[in-house]
Amino acid sequence: MLSTAARSGALTPYLQATKHTVKSRVFPGAKELVPAAGKTEAPGGIGLVHTDIKIPDFTEYRRPEVIDAKKSSQDSSEARRAFSYLVTGATTVVGVYAAKTAVTQFVSSMSASADVLALSKIEIKLSDIPEGKNMTFKWRGKPLFVRHRTEKEIATEEAVNMAELRDPQHDKDRVVNPKWVIVLGVCTHLGCVPIANAGDFGGYYCPCHGSHYDASGRIRKGPAPSNLEVPYYEFADDDTVIVG
């Protein structure tokens, strides 16, 4: 027994060498060091280099009201919510105003210019139109009929039974001055130009498809579905009318 212990003592240098060899394989370049205070010590008493890195402190970047972990965050939450509402509301107002401005400018750019608006009105001298006659003018690219009616024509059109009309409209509702009938010379069927002082009712007649209008411009016979259109007009004086 004693001889066995003596022989094992002779192997001590070899065991120490084996220990150092294994340690150098597991932790390359590591040395037997005493770990500093606050450092983590690896197995075998080896201090690891990465444990020397300090944890960064971001306190100066944090809001003062959230630094204290023990303090309730309710006040901070309400403040943030109010700020979010304020920013959202302000952004919405600015966005709506910008959209309104953009739409207004776009619509303005699409509107007619001053020279076009000037052509949208026409001034007619009524003294140039004899009684019982019709004259045709060009207005906004369309024919415009201006008829100087006789007293007989006025009485005839005012006496028409409304039940007989396809598009019921009293003569008084189509004229400002009973002596003058002003209508667009465009047939309401397919857009043809009727002939004045013609047809079965002595008003206007469209030869294209046989639509007959009376002296008030109301459809009385034929395929046209409605009366001739009455544009907006006003009398500047007894001898002048402005259409448009």
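Position 1 is the first residue of the sequence, and the numbers go up from there. Because the structure is predicted, anything quoted here is derived from the model rather than measured. Just so you know, these numbers use all the heavy atoms, side chains as well, and skip hydrogens, waters and symmetry mates.
With rounding to the nearest 0.5 Å, the separation of CG in Asp171 from CD1 in Ile154 is 8.0 Å. Of the inter-residue distances, the one linking Phe235 atom CZ with Ile182 atom CD1 reads 5.0 Å to the nearest 0.5 angstrom. Interatomic distance, CZ of Arg220 versus OG of Ser211, reported as 13.5 Å (0.5 Å rounding).
Here the side chain of Thr240 pairs no donor or acceptor atom with the backbone of Lys125 at under 3.5 angstrom. Between the side chain of Arg174 and the backbone N or O of Ser216, at least one donor-acceptor pair lies under 3.5 Å. The backbone N or O of Gly203 lies less than 3.5 Å from no partner atom in the side chain of Asp214, so there is not a single donor-acceptor pair.
A side chain to side chain donor-acceptor pair (under 3.5 Å) check over residues 150-166, counting only residues at least two apart or in different chains, returns the pairs Arg147-Glu153, Glu157-Arg218. Pairs of residues two or more places apart, or lying in two chains, that qualify as salt bridge (Lys or Arg N to Asp or Glu O under 4.0 Å) and include a residue from residues 177-206 are Asp200-Lys221.
Residues Thr136 and Leu144 fail the side-chain proximity criterion, which asks for heavy atoms closer than 4.5 Å. Residues Val175 and Arg149 are in side-chain contact: their nearest non-hydrogen atoms beyond the backbone lie under 4.5 Å apart. Using a 4.5 Å heavy-atom threshold, the side chains of Met135 and Phe137 count as touching. With contacts defined as side-chain heavy-atom distances shorter than 4.5 Å, the pair Pro207/Ile195 qualifies.
Here the shortest heavy-atom pairing between Val146 and Ile124 reads CG2-CD1, 3.7 Å. Pairing each heavy atom of Cys187 with each of Pro194, the nearest pair is N-CD, 3.9 Å. Taking every heavy atom of both residues into account, Pro225 and Thr188 meet most closely at CD-O, 3.3 Å. The minimum heavy-atom distance linking Pro231 with Val243 is given by the pair CG-CG1, 4.0 Å. Nearest approach of Val181 to Ala215, heavy atoms of both residues: CG2-O, 3.5 Å. The two residues Gly191 and Val186 come nearest to each other via the heavy atoms CA-CG1, 3.6 Å.
Aromatic rings from Tyr204 and Phe145 are positioned such that their centres are separated by under 6.0 Å.
Through side-chain heavy atoms spaced under 4.5 Å, either directly or across other Ile, Leu, Val, Met, Phe, Trp or Tyr residues, Met162 is tied to Val160, Leu165.
Within 6.0 Å of CG in Asp237 there are more than 12 heavy atoms belonging to other residues, nucleotides or ligands.
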Practice item. Applying side-chain contact (heavy atoms from CB on, under 4.5 Å), run through Leu228 and Leu184 and close with a yes or a no. Key: CA-CA 6 Å; Leu228 294 179; Leu184 291 182; over 6 Å; no

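Under the 4.5 Å side-chain heavy-atom criterion for grouping Ile, Leu, Val, Met, Phe, Trp and Tyr, Val230 is connected to Val193 within one hydrophobic cluster.
In summary, the side chains of Asp167 and Asn227 do present a donor paired with an acceptor at a separation below 3.5 Å, with no hydrogens or angles considered.
Using cut-offs of 30° and 60° for the angle between ring planes, the His148 and Trp180 rings count as parallel.
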